[in-house]
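Notes to accompany the following structure.
We count ligands from 1, going down the list as the structure has it; atoms in each ligand are counted the same way. Owing to the predicted nature of the structure, the values given are computational and were not obtained by experimental measurement.
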Amino acid sequence: MFKCKITKKKIPQIINFGRMPIANGFLNKKDFKKEFFYNMGVSFSKDVSLMQLNNHPRPEMMFNANYPFFTSSSKFMKNHFKNYANWAKRKYVKTDNTRIIEIGSNDGTFLKNFKKKNFQHLAFEPSKNVSEIAKKNGINSITKFFNRKNLITFDEFVNKTDLIFGANVVCHIPDLLEFILTCDLALNENGKIIFEEPYLGSMYKKVSYDQIYDEHIYMFSISSIKKIFNIFDFQLIDVFPQNTHGGSMRYVLERKKTNVNKKINKWLEIEKQENIDNISGALEFKKNCELSKEKLQYKLNNIKKKGKLICGYGATSKSTTILNYCNIDSKIIDCIFDTTPNKIGKYSPGMHIPIIDYKYFSKRFYKYAFLFAWNHKKEIEEKEVGYLKKGGKWITHL
Ligand code: SAH
Ligand code: TMP
């Protein structure tokens with residue numbers, strides 16, 4: 001049994017994915033011996049309908065000066081954040097003096113879309129390397145975690161903030177209660193919290209268990225967000241499904257005023273019918289993960305038996321879960337092609353598959369390419385349009 005991070009009650013483990021390294025811990029050969037591992041399991045709290053990691057490394061081990069993920073590395077995501085900002089401006093940014101906070105602002109891709117005179121904003125981004133890039137982009141990036149201690153020094157944003165934005169960051173914050181209390185401290189009476197995160201319902205449907213890794217401590221649903229924020233007298237007032245990261249949900253919350261919201265109630269009903277708000281969905285997911293692992297191992301072994309070569313494409317954090325859970329090493333996948341300078345020349349966490357500059361992908365031929373960055377499928381297939389023509393085949397675990 002494990003403790004729910006919200007209710008502190010004992011909750012059952014659903015799946016044990018086994019020994020896992022840091023998902024984004026791409027490393028050099030000389031560091032293999034001192035690589036860090038932990039046991040990755042998830043449990044489900046029925047009180048708050050929340051899927052959560054049992055153990056995870058300390059945030060400082062992941063969010064530091066070597067954070068390898070840059071929002072702007074995907075054209076599709078850059079465009080998504082432009083649309084997100086335009087939507088927010090139309091709906092919520094009513095005056096030039098609107099005070100905005102973004103958390104997990106990374107290289108500033110989202111906030112860059114707001115830039116103009118009188119734009120009052122703060123960006124909390126603990127990972128120094130990406131935070132520095134945001135600063136160069138003219139963003140007021142604070143290289144710190146978003147919590148009450150770090151917020152309180154910014155007078156202009158205490159009880160005066162109109163909007164708090166986030167994307168793919170709330171699920172990274174182990175102490176969700178501290179996060180909500182910090183929002184409470186920042187927001188004015190009518191302030192809103194708006195964030196989007198990978199959606200549990202999409203993960204169940206796709207059996208995309210690779211969404212689970214050290215940084216993703218929670219897998220949220222509408223039911224869980226509503227229940228957790230209710231504890232602090234915030235209410236969920238709107239939701240908007242997104243097609244990013246294999247299926248995400250954007251949530252809008254504000255201080256409690258009224259309890260009636262037909263749209264949210266309709267979604268809660270759907271989540272109930274699909275067992276997203278209760279433990280049966282999680283147990284079904286466990287069976288599907290085990291089946292998916294067997295099928296993938298069978299598929300890859302068959303390709304190898306035929307003497308064909310397999311490479312990977314996109315050294316994603318998600319791939320760390322797939323490779324380590326399914327025990328796939330460099331005997332099966334020769335190398336992984338990627339665009340990220342920080343990863344190229346290093347080895348994948350745990351399984352130690354070499355990471356190679358994506359420029360060489362079109363020069364060397366692999367009959368099969370495992371698309372680990374499956375959520376960027378369209379963008380990558382467009383970039384590597386010659387691959388299929390040469391007789392190459394994209395594969396995934398999905
Ligand atoms: N919002 C961006 C980045 C997501 S990656 C996007 O969607 O592309 C998550 C980011 O959140 C990282 O840059 C990480 O450094 C940052 N982060 C992690 N914990 C945080 C916290 N407690 N407060 C603020 N930012 C945090
Ligand atoms: P992530 O899923 O952990 O964010 O990682 C995405 C990885 O995919 C990142 O290392 C960059 C890589 N990538 C490519 O190699 N080519 C591409 O066209 C895109 C969009 C991503």
Open item on the list: Quick check on contacts: which atoms of ligand 2 are under 4.0 angstrom from a heavy atom of T340?
Closed with: 9 (C), 10 (O), 11 (C)
TODO: May I ask you to list the atoms of ligand 1 that are less than 4.0 angstrom from any heavy atom of Y67?
DONE: 5 (S), 9 (C), 12 (C), 13 (O)
Task: Heavy-atom donor-acceptor pair, K343 side chain to A315 backbone, under 3.5 Å - done: yes
Open item on the list: Within the structure, is a non-hydrogen atom of F81 found at a distance of less than 4.0 Å from ligand 1?
Closed with: yes
TODO: Could you name the option among D210, D338, N24, I336 that has the heavy atom nearest to atom 8 (O) of ligand 2?
DONE: D338
Task: Atom indices of ligand 1 within 4.0 angstrom of I173 heavy atoms, with elements - done: 22 (N)
Task: Residue T71 vicinity, atoms of ligand 1 by number, heavy atom under 4.0 Å - done: 2 (C), 3 (C), 6 (C), 8 (O)
TODO: Could you tell me how the ring of F285 sits relative to the ring of Y204: parallel (under 30°), tilted (30 to 60°) or perpendicular (over 60°)?
DONE: tilted
- [ ] Taking the six-membered ring for Trp and the single ring otherwise, decide whether the centroids of F146 and F124 are under 6.0 Å apart.
- [x] yes
TODO: May I ask you to say whether K378 pairs ionically with E381, meaning some side-chain N is under 4.0 Å from a carboxylate O?
DONE: no
Task: Numbered atoms and elements of ligand 2 in range of K343, under 4.0 angstrom, heavy atoms - done: 9 (C), 10 (O)
- [ ] Before accepting this row, confirm whether a basic side-chain N of the pair D233/R255 lies closer than 4.0 Å to the acidic partner's carboxylate O.
- [x] no
Open item on the list: How far is atom 6 (C) of ligand 2 from the closest protein heavy atom, and which atom is that?
Closed with: T316 CG2, 3.6 Å
Task: Per-atom contacts, ligand 1 versus F124 - under 4.0 Å to a heavy atom - done: 24 (C), 25 (N)
Open item on the list: With heavy-atom distances below 4.0 Å as the criterion, list the atoms of ligand 2 near S317.
Closed with: 1 (P), 3 (O)
Open item on the list: Classify the ring geometry of F179 against F195: parallel below 30°, tilted from 30° to 60°, perpendicular beyond 60°.
Closed with: perpendicular
Task: Contact atoms of ligand 2, heavy-atom distance to A315 under 4.0 Å - done: 10 (O)
Task: Parallel, tilted or perpendicular, as decided by the 30° and 60° cut-offs, for the rings of Y209 and F17 - done: parallel
Open item on the list: Measuring from atom 25 (N) of ligand 1, which candidate in P59, S74, S72, P126 has the nearest non-hydrogen atom?
Closed with: P126
Open item on the list: Students should be able to answer this: which protein heavy-atom is nearest to atom 16 (C) of ligand 1, and at what distance?
Closed with: E125 OE1, 3.5 Å
TODO: Return a yes/no value for Y213: is any of its N or O atoms, backbone included, closer than 3.5 angstrom to an N or O of ligand 2?
DONE: no
- [ ] Say whether Y313, considering both its backbone and side-chain N or O atoms, lies within less than 3.5 Å of an N or O atom on ligand 2.
- [x] no
Open item on the list: Assess whether a salt bridge exists between K266 and E269, defined as any Lys/Arg side-chain N lying under 4.0 Å from an Asp/Glu carboxylate O.
Closed with: no
TODO: Determine the interplanar angle of the F361 and F337 rings, folded into 0 to 90°, and report it as parallel if under 30°, tilted if 30 to 60°, perpendicular if over 60°.
DONE: perpendicular
Open item on the list: Quick check on contacts: which atoms of ligand 2 are under 4.0 angstrom from a heavy atom of K383?
Closed with: 16 (N), 17 (C), 18 (O)
Open item on the list: With a 4.0 Å cut-off on heavy atoms, is H172 in contact with ligand 1?
Closed with: yes
- [ ] Nearest heavy atom to atom 20 (C) of ligand 1 wins, so pick from F110, F195, F145.
- [x] F145
Open item on the list: Return the closest protein heavy atom for atom 20 (C) of ligand 2 as residue, atom name and distance.
Closed with: H376 CG, 3.5 Å
TODO: Evaluate the ring planes of F32 and Y347, with Trp represented by its six-membered ring, and classify them as parallel (under 30°), tilted (30 to 60°) or perpendicular (over 60°).
DONE: perpendicular
Open item on the list: A167 versus ligand 1: do any nitrogen or oxygen atoms come within less than 3.5 Å of each other?
Closed with: yes
Open item on the list: Please verify the inter-ring angle class for F69 with Y67; under 30° counts as parallel, over 60° as perpendicular, anything in between as tilted.
Closed with: perpendicular
Task: Geometric N/O contact N106 with ligand 1, under 3.5 angstrom - done: yes
TODO: Assess K318 against F372: is NZ or CZ under 6.0 Å from the centre of the six-membered ring, and within 45 degrees of the ring's axis?
DONE: no
Open item on the list: Please list the nearest protein heavy atom to atom 14 (C) of ligand 2 with its residue and the distance rounded to 0.1 Å.
Closed with: T339 OG1, 3.4 Å
Task: Lys/Arg-Asp/Glu bridge criterion (N-O < 4.0 Å) met for D47, K227 - done: no
Task: Residues E379, K383: salt bridge by 4.0 Å N-O rule - done: no
- [ ] Check the angle between the aromatic planes of Y251 and F220 and answer parallel, tilted or perpendicular using the 30° and 60° thresholds.
- [x] perpendicular
- [ ] Say whether S105, considering both its backbone and side-chain N or O atoms, lies within less than 3.5 Å of an N or O atom on ligand 1.
- [x] no
Open item on the list: How far is atom 23 (N) of ligand 1 from the closest protein heavy atom, and which atom is that?
Closed with: F146 N, 3.1 Å
Open item on the list: With a cutoff of 4.0 Å, is F69 in contact with ligand 2, counting heavy atoms of the residue only?
Closed with: yes
- [ ] With heavy atoms of K318 as the reference, note each atom of ligand 2 found under 4.0 Å away.
- [x] 2 (O)
- [ ] Give yes if a backbone or side-chain nitrogen or oxygen of S74 is under 3.5 Å from a nitrogen or oxygen of ligand 2, and no if not.
- [x] no
